[in-house]
Amino acid sequence: MARIPDSHPRKKSLESRQKIVDGSSMGLLADSAMIAHGRGEAFDYLLGERTTGSAREAIRESAARLRNARRPVISVNGNTVVLAGDGAIRLAAVLGCPIEVNLYYRTPTRVNGLISLLEEWRSKVSQEDVPDGFDGDWKESVEGVSLLGESPNFEIEGLEGPRSNCTLEGIGGADTILVPLEDGDRCEALISLGKEVLVVDLNPLSRSSRMATVTIVDEVSRAFEGILSHLLNDSDYMQTEWDNRKSLKESLKEIGDHFSE
Ligand code: PTJ
């Protein structure tokens with residue numbers, strides 16, 4: 001890929017697009033991954049490619065809920081691993097929770113490939129400087145992150161087909177699930193199992209956005225960075241009685257406001 005100058009106003013967006021192109025040629029992504037990414041890009045453009053005020057609130061609320069969770073888990077699909085696998089590892093290290101590869105279009109080759117990519121990220125992140133506010137042995141915490149999904153031993157009730165397969169150690173036994181780019185049916189099934197579902201989705205109108213306990217209407221890598229920062233430096237904040245509908249309405253208003261600014 002040609003080097004994009006730092007001054008290019010859409011550098012981050014072009015780099016993300018390239019990650020999707022590369023992930024696709026490596027066989028890690030679903031055939032429709034680029035369509036999903038394009039839809040996300042369009043909403044991000046409308047939102048001004050920034051974390052809006054309502055997304056910041058949802059990020060803060062999600063961090064508090066993940067901190068309070070008994071058994072949190074981060075569920076990742078192909079697009080999330082390719083765009084924000086490093087961020088997922090940092091979050092899991094701080095939370096002491098597993099990451100589960102859980103795919104809509106599940107094939108053993110994709111699951112294994114995505115777990116290998118996460119293993120590479122785990123090794124790189126373990127060498128990074130200790131993040132501000134982290135108390136403990138960073139290398140040990142990162143190396144301890146377990147990567148699940150290869151051998152499903154649990155089925156999500158109310159869902160048919162391969163996307164119902166997950167693990168008891170991860171999604172099956174979790175009380176709180178952080179799940180970017182989720183599909184509406186599965187989000188609904190997880191909610192009806194009594195789980196708290198924290199969704200990251202740039203589309204505030206999607207069914208998963210509307211079904212979730214808390215929806216972060218933001219780009220997945222920005223959302224992960226925000227959650228990390230709140231986990232490490234905002235421990236006084238207590239979770240609230242979250243009104244997700246109100247938050248989604250606010251994000252739609254922010255789209256309108258962005259264009260009248
Ligand atoms: O890897 P798999 O097999 O699990 O398949 C993954 C995709 C994403 C292909 C599959 O789940 C799918 O088709 O998703 P949808 O139904 O297109 O939904 C994707 C949602 O994520 C859309 O509402 C997009 O707006 C949103 N989205 C796309 N890219 C991003 C995003 N949200 C946050 N950050 C992004 N980078």
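For the single chain, residues carry numbers from 1 onward in sequence order. Indexing begins at 1, ligand by ligand and atom by atom, following the structure's order.
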Flag, side chain of [X] to backbone of [Y], donor-acceptor distance under 3.5 Å:
X      : Y      : answer
Asp218 : Ala55  : no
Ser229 : Glu225 : no
Asp86  : Trp121 : no
Arg210 : Leu205 : yes
Asn77  : Glu182 : no
Arg110 : Leu28  : yes
Trp138 : Ala93  : no

Does an N or O from [X], backbone or side chain, lie closer than 3.5 Å to an N or O of ligand 1?
X      : answer
Val220 : yes
Asn79  : no
Gly78  : yes
Tyr104 : yes

Specify the protein heavy atom at minimum distance from [atom]: its residue, its atom name, and the distance to 0.1 Å.
atom                    : answer
atom 21 (O) of ligand 1 : Leu181 CG, 3.4 Å
atom 6 (C) of ligand 1  : Asn77 ND2, 3.5 Å
atom 33 (C) of ligand 1 : Asp218 O, 3.4 Å
atom 19 (C) of ligand 1 : Ala36 CB, 4.0 Å
atom 18 (O) of ligand 1 : Arg39 NH2, 4.0 Å
atom 1 (O) of ligand 1  : Arg110 NH2, 2.7 Å
atom 32 (N) of ligand 1 : Leu202 N, 3.2 Å

Is there a heavy atom in [X] that sits closer than 4.0 Å to ligand 1?
X      : result
Ser32  : yes
Asp201 : yes
Asp44  : no

Can you tell me which residue pairs pass the salt bridge (Lys or Arg N to Asp or Glu O under 4.0 Å) test with a partner in residues 189-206, sequence neighbours excluded? Arg65-Glu196
Which atoms of ligand 1 have any heavy atom of Leu83 under 4.0 Å away? 36 (N)
Is the number of heavy atoms from other residues, nucleotides or ligands within 6.0 Å of OH (Tyr237) greater than 12? yes
Taking atom CZ of Arg17 as the centre, does the number of heavy atoms from other residues, nucleotides or ligands within less than 6.0 Å exceed 12? no
